[in-house]
*Asks:* 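Structure incoming, see below.
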Amino acid sequence: MDELLTNLLQYTIDGTLRGMLYAVIALAFIIIYRAGRILNFAQGEVVIFGGYIIWTFFSWKIFPFWIALAFSFALAVFLGLLIERIIFRPLIGQPIWAIVMVTIGLMILLQGITLVIWGGSERPFPVVFPRAPVKLGKLTFTGVIFWGGMISIFIIFVLSWLFEKTRWGLKLTAVAEDHQVAQSMGISVRKSIAIAWVFGCVLSSFSAIVFLNGQTLTVGASMIGLQALPVVLLAGLESIWGAPLAGIMVGVGESLAAAYLDPHTGGAMSEAFPYIIMLVSLLIRPQGLFGWKIIERI
Amino acid sequence: MALLPCGIHFESYRKDMAYLHTRLQWVFLIAFLALLFGLPFLVSVRFISIINIMTMICIAVVGLQITIGYAGQTNLGQSAFMGMGAFVTGSLAINFQLPFWVTIPAGGVSAAIFGSIFGIPALRIKGFYLAITTIAAQIMFPLFIIHMPDRVFGGSLGLKMEPARLWGIVFNTDRSLYYLIMTTGVIMIFFSFNLVRSRVGRAFIAVRDNDLAAEIMGINVFYYKALGFFIGALYAGVAGGLWAYYIRYIGADQFTLYYSVWFVGMVIVGGLGSILGAILGTIFIRSIQEIISYLGPFLVKFLPHVAGEEVWFAGMNILLGGVIILFLILDPRGLYHRWVLLKTSYRIWPFPYV
């Protein structure tokens with residue numbers, strides 16, 4: 001009995017940690033939506049692109065640690081501005097499906113560009129966070145998840161303050177509700193989408209560090225973007241605080257499914273589980289757990 | 001709608017809705033069909049195999065056009081629906097030795113049922129969310145196939161098929177399969193052209209343009225959204241069944257999200273809301289794909305980092321991503337719109353403006 005309980009606790013903690021990882025990636029996703037009304041299917045690819053940029057600066061070995069990191073983030077800002085200027089500025093005012101499709105195009109395009117620039121071979125990702133495990137009382141966390149989790153909780157605090165309390169953030173929120181109305185109230189949709197992408201790319205680079213710290217970097221790692229999608233939808237596209245909560249729910253669910261259901265289904269359940277939670281929750285609450293309820297009029 | 005040829009006018013709604021207005025158009029259509037069926041005698045086998053693949057994909061893309069372009073429901077799972085058709089067709093042919101004219105329709109119907117299951121959420125969720133639930137179909141599909149008992153769908157090994165047979169004819173070469181695929185393709189496309197101008201097609205368009213308004217006008221929105229998925233997936237399933245008999249080895253990795261995105265790309269390039277657009281988009285993108293596979297060995301020399309297979313993959317990705325983005329930014333109405341402009345400017349020649 002005691003062993004069962006200990007196992008259960010262990011699975012729950014493992015799931016929580018994995019959920020934090022999903023949440024970090026979902027956060028970048030939600031910010032891009034929250035400031036520009038863009039559902040970014042290319043999230044995984046942007047993360048990997050940011051990861052490759054970081055790898056490049058570290059592998060040159062001519063810059064000290066902090067400078068290399070700063071350069072990587074500067075380049076991420078530039079990437080965000082570039083994406084906005086080339087792809088999204090001409091599409092302001094286009095219907096939703098056009099914006100969904102263009103991010104799918106961006107996803108495929110970034111995969112190709114990453115392959116052409118860096119090739120398909122595996123790269124060792126630099127160790128940015130200390131790897132030593134952190135102990136809090138009886139619980140043990142891996143270093144990267146602990147530091148990554150701490151920083152992302154800080155980021156969540158800052159962002160939710162920005163978006164909900166400041167005038168500037170409310171302007172971005174207005175754009176997420178409706179481009180046309182925001183524009184007619186004198187809010188620059190263009191600027192807001194640029195901000196969305198800069199935030200999104202910087203957060204993606206950060207999540208690349210959390211995700212890949214000290215591991216191998218390949219093009220295929222961009223699958224994490226699709227794995228984080230159920231978390232985003234479960235949280236609701238608009239909710240900054242929803243990301244960690246939904247992330248933990250999905251992570252714990254996945255880990256428990258892997259432990260208790262997989263032996264009976266041959267390993268299928270844990271992979272399908274996040275999507276099943278997502279489908280069921282969307283049928284009950286179409287806007288996700290913490291998303292906005294939109295009232296439609298003709 | 002393009003301008004009509006000079007002197008054509010209609011006295012009944014029936015004539016107005018016709019696709020072919022003049023005798024010359026009938027002549028061209030019949031000549032075109034005759035050309036299609038004579039093609040295996042005129043061109044090389046390699047070209048025929050390109051056309052075979054193009055036609056199968058075209059069927060799936062026309063189905064996707066009905067779901068996205070007419071019923072207005074975002075669908076990123078078309079390739080999974082196609083896979084469902086392929087696996088059910090294969091499984092019926094192997095386990096029960098049924099002939100292809102039973103297995104392919106059965107594959108189509110089972111794909112359609114699979115598709116409408118994922119279409120049901122469309123009643124409550126829209127746009128972004130719907131796109132992601134269809135991705136869920138795409139991700140759950142290989143898990144479902146691999147974890148079913150091995151004798152049903154072949155597990156992780158996939159299914160190996162016997163060639164299709166009919167009255168002593170064995171469909172095992174590109175030339176003989178061409179007739180099977182092209183006949184099915186022509187029937188499916190004929191059906192789709194007529195579907196979209198029927199009551200169902202008009203209901204689809206009403207739901208697409210504004211589903212709330214459509215509901216107020218008395219259209220059963222739930223039924224038509226599910227039907228949009230059903231018909232789109234039916235097309236995918238038939239394409240998948242043909243695919244099973246063409247490739248004769250089917251595995252879950254042939255039906256990934258990547259191909260679904262290609263299909264959506266073809267619909268966008270062709271132009272949303274037009275069957276002809278779906279056909280044009282398929283031909284356009286498949287041709288460029290063939291050219292890139294042909295040029296692959298030359299590209300390797302210019303791209304030092306990339307080796308072997310990857311150059312093809314990278315080239316395809318940049319092409320597909322670039323084409324989707326460029327068409328959405330520069331010409332969201334797609335190739336179909338270009339075709340209409342071309343036809344109109346031909347008809348009003350020598351006047352310069354369309």
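All of these numbers come straight from a predicted model, not from anything done at the bench. Chain naming here is simple, since letters A, B, ... match the order of the sequence lines and numbering starts at 1 in each.
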*Asks:* About how many Å separate OH of A/Tyr275 and CD of B/Gln138, when rounded to the nearest 0.5 Å?
*Replies:* 10.5 Å
*Asks:* A/Val102 and B/Ile324: side chain to side chain contact (heavy atoms under 4.5 Å, CB included), yes or no, with the steps?
*Replies:* CA-CA 7 Å; A/Val102 91; B/Ile324 291 180; 5.7 Å; no
*Asks:* Show, in sequence, the C-alpha distance, side-chain angles and deciding distance for A/Leu279 and B/Phe118, and conclude whether the side chain to side chain contact (heavy atoms under 4.5 Å, CB included) test is met.
*Replies:* CA-CA 9 Å; A/Leu279 283 176; B/Phe118 283 89; 3.9 Å; yes
*Asks:* Is it the backbone or the side chain of A/Met278 that comes under 4.5 Å from a heavy atom of chain B, or both, or neither?
*Replies:* side chain
*Asks:* Does the side chain of B/Ile139 come within less than 4.5 Å of A/Gln227's, by heavy atoms?
*Replies:* no
*Asks:* Given a strict heavy-atom distance threshold of 4.5 Å, which part of B/Leu319 is in contact with chain A: side chain, backbone, both, or neither?
*Replies:* neither
*Asks:* Using side-chain heavy atoms (C-beta onward) and a distance below 4.5 Å, is B/Leu76 in contact with A/Phe41?
*Replies:* yes
*Asks:* Measure A/Ile284 against the heavy atoms of chain B and call it side chain, backbone, both or neither at under 4.5 Å.
*Replies:* backbone
*Asks:* If contact means a heavy atom pair closer than 4.5 Å, which residues of residues 260-271 of chain B contact chain A?
*Replies:* B/Val261, B/Val264, B/Ile268
*Asks:* Tell me, for A/Leu110 versus chain B, whether the close heavy atoms (under 4.5 Å) come from the side chain, the backbone, both or neither.
*Replies:* neither
*Asks:* For atom CZ of A/Arg89, decide whether the heavy atoms of other residues, nucleotides or ligands shown that lie under 6.0 angstrom number more than 12.
*Replies:* yes
*Asks:* For B/Leu326, is it the side chain, the backbone, both, or neither that has a heavy atom closer than 4.5 Å to a heavy atom of chain A?
*Replies:* neither
*Asks:* Considering only heavy atoms from C-beta outward, does the side chain of A/Gln111 approach that of B/Ile318 to under 4.5 Å?
*Replies:* no
*Asks:* How long is the gap from OG1 on B/Thr74 to CD1 on A/Ile104, to the nearest 0.5 Å?
*Replies:* 8.5 Å
*Asks:* With a 4.5 angstrom heavy-atom cut-off, is it the side chain or the backbone of B/Ile135 that approaches chain A, or both, or neither?
*Replies:* side chain
*Asks:* Quickly, which of B/Leu320, B/Ile325, B/Asn317 forms a side-chain contact (heavy atoms from CB on, under 4.5 Å) with A/Leu109? Name it, please.
*Replies:* B/Ile325
*Asks:* So what's closer than 4.5 Å to chain A heavy atoms on B/Phe327: side chain, backbone, both or neither?
*Replies:* neither
*Asks:* What part of A/Ile87 gets within 4.5 angstrom of chain B, counting heavy atoms only: side chain, backbone, both, or neither?
*Replies:* both
*Asks:* Which bit of B/Leu330 comes within less than 4.5 Å of chain A, counting heavy atoms only: side chain, backbone, both or neither?
*Replies:* neither
